[in-house]
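Single-structure report; data block below.
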Amino acid sequence: MKKRLLLLDAYALIYRAYYAFINRPMRNSKGLNTSAIYGFIRATLDAIKKFEPTHVAVAFDVSGKTFRNDIYPEYKAQREETPEDIKTSVPIIKNLLEAFNIPIIEKEGFEADDIIGTIATKANPDEFEVIMMTPDKDYGQLLRDNVIMAKPARSGNDMEIVTAKEFCEKYDIQKPEQFIDILALWGDVSDNIKGVNKVGEKTAAKLISQYGSIDNLLQNIDKLSPSQKKNFEEARDLIPLNKKLVSIVTDIDLKLDIDNDLKVSPPKTEELIPLLEELEFRTLLKEFGASKRKEQGQYVQGSLFDMPANKPERPTFNLKTIDDFDVDYRIAKSRDDRAKLIDELKQCQEFAFDTETTGLDPISAELVGLSFAIKTNKAWWVSVPKNQDEAKSIVQEFAEVFANHNIGKIGQNIKFDMQVLLNYDIEIKGKLFDTMLAHYLLEPDARHNLDYLSEIYLNYKPISIEELIGKKGKSQGNMRNVDPELITRYACEDADLAYQLKQVLFEKLQGQGLTELYFKLEEPLIEVLTHMERNGVTLDSQSLKEYGEMLSKQLVELEKEIRNMAGVPDLNISSPKQLGEVLFDKLKIATDAKLTKTKQYSTNEEELQKYIDKHPIVSKILEFRGIKKLLSTYIETLPLLVNKKTGKIHTSFNQAVASTGRLSSNNPNLQNIPIRDENGREIRKAFIPSSEEHLLLSADYSQIELRLMAHMSNDQIMLEAFEKGEDIHAATAAKIFKVPLNEVTREQRSKAKTANFGMIYGISAFGLSQRLGISRTEAKELIDGYFDTYKGVKAYMDQCVAEARERGFVETIFGRKRFLPDINSNNQVVRGLAERNAINAPIQGSAADIIKMAMINVHREIISRKLKSKMIIQVHDELVFDVYKPELDEVKEVVKRCMEGAASLKVPLEVDMGIGNNWLEAH
DNA sequence: CGAGTCACG
DNA sequence: ACGTACGTGACTCGA
């Protein structure tokens, strides 16, 4: 990995920090204005955290004359005196930098930009990436392939990265040095440099873009308009001086060994702490205070901070694009071309492929073409005609290679391509390497889109889809209309990138011991989900519609009543802001209303429930909310998602979203169809079998997460309860309340149930007290009682956290990992979340693994037994099937056996099944 | 586009 | 002193 050098322009950043707080300066108790100090140090540390440089330096201007004043006495002459607060801040900042072990560099007669220019130029491009942190645009002239600029964050936004390429594009110039000429024409008000009259940024850029340089421009001065020519004639003598003034010096004699002198090293804590204490920088003290871990010196080597050993790749920039490579992307135009391609594919052990389609909905999308990558930078594009009969016959030419078991297929989100190709009767066999899923296992919390992966792992920026079909939203373009040359580059690039990513990611999977999880679980699941999504679910839109009409009437009625009670005729009840104001300001139903983090009144159900007796409007609002939710999220929306082609609803199961390993479902989300609430569960009645000859079968794991808790913690008491087949919540109640099992009250059981769930989530006394509406002391007692009973559970939870601390991750029973870098955070809120994740992720994730295994096995049996019945929905611990009635007994047997046999735990896995003419009945 | 709310396991 | 149970997706409002 290249070394990375971060160079900071001290005064520019200090000024910026100072003025950022100008309206509300920070002061310590002695009255010292610490805005500039804090702002600058924070920006510096943030940059170090973000860029993770191996080398760093801060450049200061030296007060007094510089060589620029010698050649131009008016240089910066108009500048106002430096504010007193900044003057006093600078020595303190220098002390701080020293304590942080960040080198300071200054040189008499020169400015910070000259120092940075010199170092950036001197740093060997093969050895160093250089980041210049400054808000000053002039640094643009220094940009190179290995030198980028970081402009500090402006309020709200992240800091802005500028690369040489982007910079040149912005000014439409060939190389960054040309910016000197632009500046010389443009001038610089803040430096008191007068440019050419009537020439600003835009004109200067245009002229340099056009003529290449000032010299050439002046030679062609007659081509300018008369008035412009006059302005240039007048400025002619000034230009050489301007050029000198705006040119950043790159060859100061600094007597500096970059590699040795600027190396990042840990702060000198003993010097740093007193300084931070005096300044009263509490957050920084927390961060750099002498915590135990710091004393043990757990720094990642070469880092200023203690960072988790396993962290996302460090940020990259200066991304390469297609133009930086000599790629061999070809179009297969004729049948002969395709035959040649197919021949090449047959010779491959593996190839990457991608489909381009007319849309993102795989059911209705039509193929526009296919791309295949055979090796790095070598790919083919096969265009597919609009006529679907012709299309199919061309695509069919590839059926054999796709179906070949011995040829591996690589792709990004293969499920989509698999579905599209299924429309053309193409089956995909052989090992599938899905780069998205591989990365999901490697970094479950990260994003996994191709652009991101390319950037991180290949240092490459793909052609943006917007270049092809325009921004979505307005005048949505179509893949069909894209220029053939361009679509070839785009599609081949995608396949090529998938191919290249596979090589990187496969090695990483092996390194992490994740290949087995990938090939046993995630890879076979691709095909299963493909079929489930395609199967779809039948919706009884008619009954939904009728139910919706009834609810709508109630809603209108409620709205009227609520507005009347509120005395606000145009109240929007769906606006929490308006609602809160009505309830708490106007009706004053309470004075101690809870506020949200944006200081609005909190009007969620939990809060409103507290005031239900204060005013009759409250219960009406809750009722309104409930009905509105059902209507807008389900009743009115689901029928719109019925596919015209199939008459069914086709959700999309996302296999790479949930960081614990679960699936998620969207478009629509079929995993949150109401069931708890009486009104809501009516909606389940609209999910029906595909025909009269079918039934819905729902099979769900009983208490799978608690069983996993028992299994993983090896808690004898809990294991025993499950083995005896006891009602686990009642059994828990009996034990923690010390009553016989048959005397457990409803209330006790309910409390125990909440406590059981609490364990799975990584409980806190506060959380439990909130849920149960009891005091924290009571909650604490309850938890103590719980741990007293289930001693193994307590030990297991502690062990999870300890493991996460030690290894940086926790694991499921199938070896799925979740990395928890925050487990060592100094921020206890952040750390607390990581600790609860350490407890919850192995449980939730193992349950996800188990049902995935079950789905794969059920699917295989359905195929091998050639059943007409279909698996259609998964809801985390439940599978729903559209069962062909004559197969009912067989399907029930297969499903139960596959689900219960998906893993062998210390407790039996139990599955409950139900059948019915709709999803509600089946439950 | 974020915040608030609420549906599910 | 501070904020607190885990994981999702969809809708609505309003800057």
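In this text the structure is predicted, and so the values were computed from the model without any measurement.
- Taking the C1' atom of each, dA1(C) and dC6(B) are spaced 31 Å apart, rounded to whole Å.
- Residue Gln828(A) is in base contact, counting any heavy-atom pair closer than 4.0 Å across all strands shown.
- In this structure, Asp677(A) atom CG and dG9(B) atom P are separated by 12 Å, rounded to whole Å.
- Closest-nucleotide positions on DNA chain C for Val657(A) and Gln844(A) were compared, and the one nearer the 5' end corresponds to Gln844(A).
- Using a 4.0 Å heavy-atom cutoff across all strands shown, Leu630(A) reaches no nucleic acid atom at all.
- In this structure, the nucleotide among dC8(B), dG7(C), dA15(C) sitting nearest to the side chain of Arg676(A) is dC8(B).
- Within 4.0 Å of Thr754(A), counting heavy atoms only, lies at least one base atom of the nucleic acid.
- Classification of Lys620(A) and Glu557(A) as a salt-bridged pair fails, no side-chain N sitting under 4.0 Å from a carboxylate O.
- Side-chain N/O atoms of Ser664(A) include one lying less than 4.0 angstrom from OP1 or OP2 on dG9(C).
- The C1' atoms of dC2(C) and dT5(B) are separated by 24 Å, rounded to the nearest whole Å.
- Here the P atom of nucleotide dG3(C) and the CD1 atom of Ile763(A) are 21 Å apart, to the nearest Å.
- Proximity of Arg771(A) to the phosphate of dT4(C): no side-chain N or O atom is located under 4.0 Å from OP1 or OP2.
- In this structure, Gly832(A) reaches neither bases nor backbone, as no heavy-atom distance under 4.0 Å exists between it and the strands shown.
- Backbone-only engagement by Asn669(A) is indicated by non-hydrogen atom pairs under 4.0 Å involving sugar-phosphate atoms exclusively.
- Dashed line: the shortest gap from a side-chain N or O of Ser659(A) to OP1 or OP2 of dT8(C) is under 4.0 Å.
- dA3(B) and dT4(C) have their P atoms separated by 14 Å, given to the nearest Å.
- Using a 4.0 Å heavy-atom criterion, one finds that Arg662(A) contacts the bases of the nucleic acid, with or without backbone contacts as well.
- Nearest to the side-chain atoms of Asn672(A) among the listed nucleotides dG14(C), dA7(B), dG7(C) stands dA7(B).
- Between Arg831(A) and Glu835(A) there is a salt bridge, since a side-chain N of the basic residue sits under 4.0 Å from a carboxylate O of the acidic one.
- Looking at Lys629(A), its side chain comes within 3.5 Å of the base of dC6(B) through a donor and an acceptor atom.
- Distance check on atom P: dG4(B) versus dG3(C) gives 14 Å, rounded to whole Å.
- No side-chain donor-acceptor contact under 3.5 Å links Asp788(A) to the backbone of Ile736(A).
- Taking side-chain N and O atoms only, Arg681(A) has no distance below 4.0 Å to OP1 or OP2 of dA7(B).
- Rounded to an integer number of Å, the gap from Ile839(A) CD1 to dA5(C) P is 14 Å.
- Picking from dG14(C), dT5(B), dC6(C) the nucleotide with the shortest atom distance to the side chain of Lys577(A) gives dG14(C).
- Residue Tyr634(A) contributes atom OH, which lies 13 Å from atom P of dT12(C) at whole-angstrom precision.
- Taking only side-chain nitrogens and oxygens, Asn572(A) comes nearer than 4.0 Å to OP1 or OP2 of dC13(C).
- Distances shorter than 4.0 Å separate some side-chain N or O of Thr637(A) from OP1 or OP2 on dC11(C).
- In this structure, Thr603(A) reaches the dT5(B) phosphate: one of its side-chain N or O atoms is under 4.0 Å from OP1 or OP2.
- Nucleic acid contact class of Ile673(A) (heavy atoms, under 4.0 Å, all strands): sugar-phosphate only.
- Closest to the Ser632(A) side chain, of the nucleotides dT12(C), dG7(C), dA7(B), is dT12(C).
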Decide ring-ring contact (aromatic ring centres under 6.0 Å, His included) for Tyr796(A) and Tyr790(A); before the verdict, give the C-alpha distance in whole Å, the side-chain angles of both, and the deciding distance to 0.1 Å.
CA-CA 10 Å; Tyr796(A) 170 73; Tyr790(A) 297 124; over 10 Å; no

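- Contact between Glu900(A) and Val911(A) at its shortest, heavy atoms only, is OE2-N, 2.9 Å.
- Between Tyr601(A) and Phe584(A), the two ring planes are tilted [angle within 30° to 60°].
- Listed pair Ser575(A) / dG14(C) meets the phosphate criterion, a side-chain N or O lying under 4.0 Å from OP1 or OP2.
- Pairing of dT8(C), defined by two Watson-Crick or G-U wobble distances under 3.5 Å, is identified with dA7(B).
- When every heavy atom of Ile627(A) is checked against every heavy atom of Gln554(A), the shortest pair comes out as CD1-OE1, 3.4 Å.
- The phosphate of dT4(C) has neither OP1 nor OP2 within less than 4.0 Å of any side-chain N or O from Arg836(A).
- Atom pair Gln600(A):CD and dA3(B):P shows a separation of 12 Å (rounding to whole Å applied).
- Looking at Glu522(A) and Lys852(A), a side-chain N of the basic residue comes within less than 4.0 Å of a carboxylate O on the acidic one, giving a salt bridge.
- If you check every strand for non-hydrogen atoms under 4.0 Å, Glu605(A) touches sugar and phosphate atoms only.
- The Ser764(A) side chain lies nearest to dA5(C) when the options are dA5(C), dT5(B), dA10(C).
- Counting non-hydrogen atoms under 4.0 angstrom, Arg776(A) reaches a base of the nucleic acid.
- Checked against dA3(B), dG3(C), dC6(C), the side chain of Thr598(A) finds its nearest nucleotide in dA3(B).
- Checking the phosphate oxygens (OP1, OP2) of dG9(C), no side-chain nitrogen or oxygen of Asn654(A) falls inside 4.0 Å.
- For the OP1/OP2 pair of dG4(B) and a distance below 4.0 Å, the side-chain nitrogens and oxygens of Thr596(A) include at least one atom meeting the criterion.
- Rounded to an integer number of Å, the gap from CD of Gln671(A) to C1' of dG9(B) is 8 Å.
- Asp445(A) has its CG atom 14 Å from the P atom of dC6(C), to the nearest Å.
- Partner of Val618(A) under the side-chain contact (heavy atoms from CB on, under 4.5 Å) criterion, out of Ile562(A), Ile589(A), Leu587(A): Ile589(A) alone.
- In this structure, Ile760(A) places its CD1 atom 12 Å from C1' of dG7(C), rounding to the nearest Å.
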